[in-house]
Amino acid sequence: MITLPDLVETVVKIAFILGLTIGFYAPIIGWIERKQSAVMQDRIGGNRAAILGFTVIGLFHSLADAIKLIFKEDFVPRGAETALHRLAPVISVVPALIAFAVIPFGGTYNLWGHETRLVIADLDVGVLYVFAIASLATYGVVIAGWASNNNWSLLGALRAAAQMFSYEVAMGLTIIGLVMFYQSLSLVEIVDKQENFYHWGIIWHFPAFILFLTCAIAENKRIPFDTPEAESELVAGYFTEYSGMKFIMFWTAEFLEIVTISALCVTLFFGGHQIPFVTVSGLIDFLGFLGPNGANAAAMLIGVAVFIIKLTLLIMLQMSIRWTLPRFRYDQVMKLGWKMILPASLIWIFLVGAGILTGVMPAV
Amino acid sequence: MAITFKKVDRNAKLTLWEASYVPEILRGMSITMRHFLTNMAGLVMELAGGRKHRKIMTLYYPEEDPVIPPSYRGRPALVRRSDGLEKCVACGLCEVICPPHCISIVGAERENGERYPLTYTLDGSRCIFCGLCEEACPKEAIIMSHDWKNLCEYDRSKMIYSKEQLLYPERNLVRRLEAIRGRYFGIKRYKNN
Ligand code: SF4
Ligand code: SF4
């Protein structure tokens with residue numbers, strides 16, 4: 001039975017997540033990508049787009065891009081499957097967005113007698129849900145490549161299908177150790193168990209973090225794993241034939257996936273909204289001078305802010321990976337996935353099992 | 001910033017350490033991170049009003065001007081003597097040597113017998129900034145100045161410079177003069193006599 005406050009709460013949370021991802025991160029990532037890469041490579045980066053003489057260190061370039069692309073011709077090539085060609089960008093964006101439903105961006109707070117848990121859907125099988133949704137993204141890419149009636153698009157789509165499939169297997173396995181450690185598939189529970197700093201995923205599962213991040217970047221088809229869209233080989237890969245708004249949607253999907261990956265890493269390895277050595281209840285007690293509701297609201301804001309800071313730092317980490325490494329050759333991508341990451345994650349599962357059995361790893 | 005070269009052996013056998021990717025990736029990322037942090041610190045210090053200190057070589061052009069080296073060849077300029085008259089003796093050597101024939105001179109004589117150019121026209125739209133006029137001139141009367149800004153016009157007729165537009169006091173051309181004297185005569189320092 002769903003009550004009105006519950007409904008309002010859910011709508012507010014969904015609006016917040018949509019605003020955070022599409023409204024805030026999608027343009028900001030475009031800007032971070034430009035500026036961070038520029039500063040890393042001893043350049044300055046776009047800084048000339050201005051409104052009334054204000055450039056805001058180049059922030060308006062994202063806006064200018066969006067306006068430019070919106071007014072471009074929406075091109076569908078001859079011989080393309082029109083309906084599928086139109087559908088593909090949507091299929092790419094949606095999975096990146098709905099994966100956020102199970103990611104907790106704050107703890108549980110008691111606001112005016114209403115228990116608020118800052119996660120849209122507290123699923124028992126959150127981890128599985130995320131992986132299930134992530135595998136849907138493959139469809140968008142494959143459909144885009146196939147419906148475009150273009151050799152390069154199809155080649156890109158084939159590569160993407162193989163690559164995403166391979167890395168999904170490995171990605172699932174990298175998380176198993178973590179699930180064994182926390183004995184839960186629910187992301188909310190995993191975050192709650194990281195209240196103690198010494199139980200953070202990154203401390204006990206650093207190898208899993210590296211493997212997971214590698215797989216996640218490969219899933220997102222970004223450099224160094226961007227063979228599906230390798231512009232020196234395949235023009236632009238599976239989205240060669242897209243222009244205007246649909247092209248933005250592919251980019252948005254990619255940017256949103258960066259956010260999703262970062263959010264997952266934060267949740268699984270960096271304690272979500274938790275501040276090291278501070279518990280949520282401790283924080284609420286500490287802010288007690290604001291009154292019970294004020295303390296809860298302040299703790300909630302702090303929790304969300306901490307989550308966003310961690311998220312942004314991980315996004316910047318992904319950016320610096322993207323701008324540091326050269327692209328793998330396609331066979332190297334496959335070799336890395338099947339011959340190195342898969343066995344490594346299996347070994348890690350074994351080690352975690354041994355660690356839990358022998359008591360080296362603490363029971364949480 | 002010095003640019004260094006590194007020879008890459010493409011057939012190198014990777015050691016196990018290198019083949020395990022992660023340490024080498026971290027090493028690479030530490031390099032890019034170092035650049036990022038130094039540049040960020042430099043940019044922040046610059047915004048805060050400090051000295052420009054960063055590895056970024058990009059110039060904010062309309063706001064910042066590049067440093068022009070002494071031997072730079074800008075728009076040719078006629079040297080004005082300290083008494084306000086032109087040094088040129090209207091010998092016509094520059095007119096002859098100029099590859100695109102952009103100089104035209106009408107010579108005349110002053111009461112004291114000095115020759116001088118009555119008109120001296122230099123078509124800036126044809127000049128190729130080769131510096132041969134400067135090399136040919138026996139009197140150091142035409143010198144490549146360091147003018148490089150605002151030489152473009154929407155109208156070609158505006159680019160035909162008259163003698164008045166070309167005349168520069170000698171002190172404006174000292175750096176270039178020093179450079180060419182050093183090159184042609186081995187004179188290291190130019191003494192203004
Ligand atoms: S620089 Fe070259 S082209 Fe220009 S006026 Fe002198 S000789 Fe002629
Ligand atoms: S070569 Fe020198 S002195 Fe002779 S006309 Fe040209 S500028 Fe005058």
Side-chain angles (χ1 to χ4, degrees), chain A residues 32-48 50 53 55-58 170 174 206-215 217-218 223-225 313-329 332-333 335-337 339-341 343-345 347-348, chain B residues 1-67 149-150 152:
Chain A
I32 295 183
E33 174 146 76
R34 280 210 178 97
K35 279 299 198 185
Q36 189 176 345
S37 65
V39 177
M40 270 167 60
Q41 298 170 347
D42 296 348
R43 294 183 287 115
I44 287 175
N47 61 354
R48 291 291 145 145
T55 56
V56 203
I57 32 180
T174 53
F206 186 70
F209 170 65
I210 290 188
L211 295 175
F212 177 76
L213 196 62
T214 315
C215 293
I217 293 173
I223 291 174
F225 301 103
L313 286 178
L314 271 164
I315 288 172
M316 289 177 75
L317 174 72
Q318 285 191 54
M319 287 291 169
S320 62
I321 293 173
R322 186 241 182 275
W323 287 100
T324 302
L325 301 178
R327 178 188 304 138
F328 280 102
R329 216 168 50 211
Q332 291 172 331
V333 172
K335 195 176 135 210
L336 184 73
K339 289 193 181 164
M340 297 181 78
I341 294 185
S345 48
I347 291 170
W348 183 245
Chain B
M1 198 175 70
I3 293 167
T4 49
F5 293 92
K6 196 170 185 181
K7 225 174 157 189
V8 178
D9 182 4
R10 293 190 179 280
N11 300 317
K13 265 256 160 270
L14 298 183
T15 59
L16 187 66
W17 174 260
E18 287 164 345
S20 65
Y21 289 113
V22 180
E24 289 297 298
I25 285 176
L26 288 181
R27 201 164 64 86
M29 281 178 62
S30 75
I31 293 172
T32 45
M33 259 298 133
R34 199 174 62 233
H35 277 252
F36 178 74
L37 293 177
T38 25
N39 287 327
M40 269 319 267
L43 285 172
V44 168
M45 259 155 60
E46 202 185 321
L47 276 183
R51 202 167 54 85
K52 180 170 167 177
H53 175 80
R54 52 174 199 225
K55 283 190 173 153
I56 297 175
M57 289 192 255
T58 314
L59 211 67
Y60 293 89
Y61 164 60
E63 293 98 39
E64 272 175 20
D65 280 347
V67 178
K149 251 182 163 178
N150 306 330
C152 308

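Residue numbers start from 1 in every chain, and the chains themselves are labelled A, B, ... in the order their sequence lines are given, proteins ahead of strands. All heavy atoms count here, side chains included; hydrogens, waters and symmetry mates do not. Values in this document were obtained by computation on a predicted structure and should not be read as measured data.
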Atom group of [X] that falls short of 4.5 Å from chain B, counting heavy atoms:
{"X": "Q36(A)", "value": "both"}
{"X": "L336(A)", "value": "side chain"}
{"X": "M316(A)", "value": "side chain"}

- Item | Heavy-atom pair with the smallest gap, counting every atom of P224(A) and I217(A) |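 Distance-wise, the nearest heavy atoms are CD-CG2, 4.4 Å.
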
To the nearest 0.5 Å, tell me how far [X] [atom1] sits from [Y] [atom2].
{"X": "T324(A)", "Y": "M33(B)", "atom1": "OG1", "atom2": "CE", "value": "7.5 Å"}
{"X": "F225(A)", "Y": "C215(A)", "atom1": "CZ", "atom2": "SG", "value": "8.0 Å"}
{"X": "K339(A)", "Y": "I341(A)", "atom1": "NZ", "atom2": "CD1", "value": "14.0 Å"}

